[in-house]
Amino acid sequence: HTLINAFEAYQKFYMIGGNAGWANINGLIRQSIEGVKLYDERHWRSPRVDVWGISDLDLFKESDDILRAVARDQPFFAYVQTSGNHRPFTIPASNDSFVVKDLSLEQVQAAGSRSVEQYNAVRLLDYNIGRLMEIAKAGGYHDNTIFVFFGDHNTRISQIPHMAPAFEQLGLESNNVPLLIYAPGRLQPKVIEEAVGLSDLLPTVAGMAGIPFLNGAMGRDIQQPVPEGERMVPLVLSEGTFPVIVGVTKDFLLQMQHDGSSPTLHDLASQTPREDVAQQHPEEFQRLQALTLGLHESARLMLYRNVRER
């Protein structure tokens, strides 16, 4: 059960530049979202540029054709899945006026990129998002749309000198992703300093759109205060038969085995983040122990309880 179904009056779209059979996206989306219209490589006129299908910019342009055809009084929920900043970091031959920068490997690695190709692919994604805003303005739906930009995982690069040591030493780097919500007609500029996760995305968007919902999954509206006082994001740091689970706040990471054993507390701002600081912060240690294990067990229960009703 997904909260996208709470947007009952909305027309729903899922658009991907490549094959929707990848990772069983087609089955997952059609099984989970009522009445969704799914578009993949079979529907596009633009040429494939690599294994991920058509370019992000062509995907934005052809998706715009679909969204412009929606009646002006008909709200829509559209998920457009980009892939240009993923290996093999293809720069399409046709990309409007984007210009590739020729920098040295040392320069881009010092800034956190894996390679010159990746650096330019991320620049191209940034450029394409700017073009998307121009396309939406020309299409007439920019001012009445909430745009949400996020990544499913980070780049898993080996060195991240621009981030605190905890992100690399505690294995958080791949979980640290962008989450930008842009709606200039509705939202004032703001930075959320608390820890939030992608599970908070749909409750937040529903709250911004004024959609009533009953949430049987993880995540909460980040616009609303939480009863425990400070937000905590649950993660699985190491997958497998015996996963390592964590709870992350703005300042701390609590790590334990999946059964609650061997808990340790770590300071995210420390230059020596592997050090266990549980004795220095006993109240936070106890609080995060209970929350981390409780949310892990809740997530397991949701595999059986949060099932879409037929």
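Judged as a side chain to side chain contact (heavy atoms under 4.5 Å, CB included), and not counting sequence neighbours, the contacts of Ala20 are Ile16, Asn26, Leu38, Asp40. The salt bridge (charged side-chain N to carboxylate O under 4.0 Å, His left out) test applied to Glu117 returns no partner, not counting sequence neighbours. With sequence neighbours excluded, no residue forms a side-chain hydrogen bond (donor to acceptor under 3.5 Å, both in side chains) with Glu239. Listed by chain and residue number, Leu254, Met256, Pro263, Phe285, Gln286 satisfy the side chain to side chain contact (heavy atoms under 4.5 Å, CB included) test with Gln289 (two or more places apart in sequence, or in another chain).
Of the possible polar contacts, one joining the Thr204 side chain to the Ile222 backbone as a donor-acceptor pair under 3.5 Å is found. With Thr82 contributing its side chain and Gly84 its backbone, the two residues share no donor-acceptor pair below 3.5 Å. In terms of modelled atom types and a separation under 3.5 Å, the side chain of Glu62 and the main chain of Ser46 share a donor-acceptor contact. In this structure, the side chain of Arg48 engages the main chain of Asp50 through a donor-acceptor pair within 3.5 Å. When atom types are taken as modelled, the side chain of Asp200 and the backbone of Arg220 share a donor-acceptor pair closer than 3.5 angstrom. The backbone N or O of Gly294 sits less than 3.5 Å from a side-chain atom of Ser298, completing a donor-acceptor pair. In this structure, the side chain of Ser83 does not engage the main chain of His86 through any donor-acceptor pair within 3.5 Å. Remark: the backbone N or O of Gln107 is paired with a side-chain donor or acceptor of Ser104 at under 3.5 angstrom.
Donor-acceptor pairing under 3.5 Å is lacking for the side chains of Thr249 and Asp251. When only modelled atom types and interatomic distance are considered, His266 and Thr264 share a side-chain donor-acceptor pair under 3.5 Å.
From Arg123, atom CZ reaches atom NZ of Lys101 across 5.0 Å, with rounding to the nearest 0.5 Å. Here Leu301 contributes atom CG and Leu295 contributes atom CG; the two are 12.0 Å apart, rounded to the nearest 0.5 Å. Leu235 contributes atom CG, which lies 11.0 Å from atom CD of Gln255 (distance to the nearest 0.5 angstrom). The CG atom of Leu170 sits 7.0 Å away from atom CG of Leu268, with the distance rounded to the nearest 0.5 Å. Note that the CG atom of Asn95 and the CG atom of Asn128 stand 7.5 Å from one another [nearest 0.5 Å]. Remark: Thr90 OG1 to Leu124 CG distance equals 10.0 Å, nearest 0.5 Å.
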Donor-acceptor pairs under 3.5 Å, side chain of residues 4-11 to any protein atom, not counting sequence neighbours: which ones?
| residue | atom | partner | partner atom | Å |
| --- | --- | --- | --- | --- |
| Asn5 | OD1 | Glu34 | N | 2.8 |
| Asn5 | ND2 | Ser32 | O | 2.8 |

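Side-chain contact between Gln169 and Arg274 is present, with at least one heavy-atom pair separated by less than 4.5 Å.
Cluster annotation: Val233 and Leu291 are assigned to distinct hydrophobic clusters (Ile/Leu/Val/Met/Phe/Trp/Tyr, side-chain heavy-atom contacts under 4.5 Å, transitive). Hydrophobic clustering (side-chain heavy atoms under 4.5 Å, transitive across Ile, Leu, Val, Met, Phe, Trp, Tyr) keeps Val108 apart from Val122. Hydrophobic clustering (ILVMFWY, side-chain heavy atoms < 4.5 Å, transitive): Phe150 and Met208 are in one cluster. Both Ile181 and Phe77 sit in one connected hydrophobic cluster of ILVMFWY residues. Membership requires side-chain heavy atoms under 4.5 Å apart, directly or through other members. The hydrophobic cluster containing Val244 does not contain Met232, counting ILVMFWY residues as joined when their side-chain heavy atoms lie under 4.5 angstrom apart, directly or transitively.
Between Pro165 and Pro273, the shortest heavy-atom distance links the atoms C-CG, 3.9 Å. A pairwise comparison of heavy atoms in Val246 and Thr292 identifies C-CG2, 3.6 Å as the closest pair. Contact between Asp267 and Val277 at its shortest, heavy atoms only, is N-CG2, 4.0 Å. For Val36 against Arg30, the heavy-atom pair with the smallest separation is CG1-CA, 4.2 Å. Between Met218 and Pro234, the closest heavy-atom pair is CE-CG, 3.7 Å. Minimum heavy-atom separation, Ala183 to Thr145: CB-O, 3.9 Å.
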Step by step, work out the side-chain contact (heavy atoms from CB on, under 4.5 Å) result for Glu284 and Arg287. CA-CA 5 Å; Glu284 188 70 351; Arg287 183 180 84 92; 3.1 Å; yes
Side chain to side chain donor-acceptor pair (under 3.5 Å) between Gln257 and Asp259, worked out: CA-CA 5 Å; Gln257 298 299 314; Asp259 59 359; over 6 Å; no
Residues Arg186, Asp143; criterion salt bridge (charged side-chain N to carboxylate O under 4.0 Å, His left out); working and verdict: CA-CA 9 Å; Arg186 291 173 171 266; Asp143 295 342; over 6 Å; no
Under the side-chain contact (heavy atoms from CB on, under 4.5 Å) criterion, do Phe252 and His281 qualify, and how do the steps go? CA-CA 10 Å; Phe252 294 100; His281 306 276; 3.7 Å; yes
Take Asn120 and Ile91 through the test side-chain contact (heavy atoms from CB on, under 4.5 Å) and record every step on the way to the result. CA-CA 8 Å; Asn120 278 302; Ile91 304 296; 4.2 Å; yes
Steps toward side-chain contact (heavy atoms from CB on, under 4.5 Å) verdict (Tyr119, Leu103): CA-CA 9 Å; Tyr119 169 76; Leu103 300 180; 3.5 Å; yes
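Note: Trp52 and Trp22 have perpendicular aromatic rings, judged against thresholds of 30 and 60 degrees for the angle between ring planes.
Among Asp64, Asp96, Asp126, the one residue that satisfies the salt bridge (Lys or Arg N to Asp or Glu O under 4.0 Å) test with Arg131 is Asp96.
Crowding of Asp102 atom CG: a count of heavy atoms from other residues, nucleotides or ligands under 6.0 Å not exceeding 12. By the 6.0 Å contact criterion, CD on Gln74 is enclosed, its count of non-hydrogen atoms from other residues, nucleotides or ligands being greater than 12. Within 6.0 Å of CD in Glu228 there are more than 12 heavy atoms belonging to other residues, nucleotides or ligands. The number of heavy-atom neighbours closer than 6.0 Å to CZ of Arg305, taken from other residues, nucleotides and ligands shown, is 12 or below.
The other residues sharing a hydrophobic cluster with Leu132 are Phe13, Met15, Tyr39, Trp44, Ile54, Leu59, Phe60, Ile66, Leu67, Val70, Phe76, Val80, Leu125, Ile129, Met133, Ile135, Tyr141, Phe147, Phe149, Leu180, Tyr182, where clustering joins ILVMFWY side chains under 4.5 Å apart.
Comment: Glu297 engages Arg300 in a salt bridge, judged by a side-chain N to carboxylate O separation of less than 4.0 angstrom.
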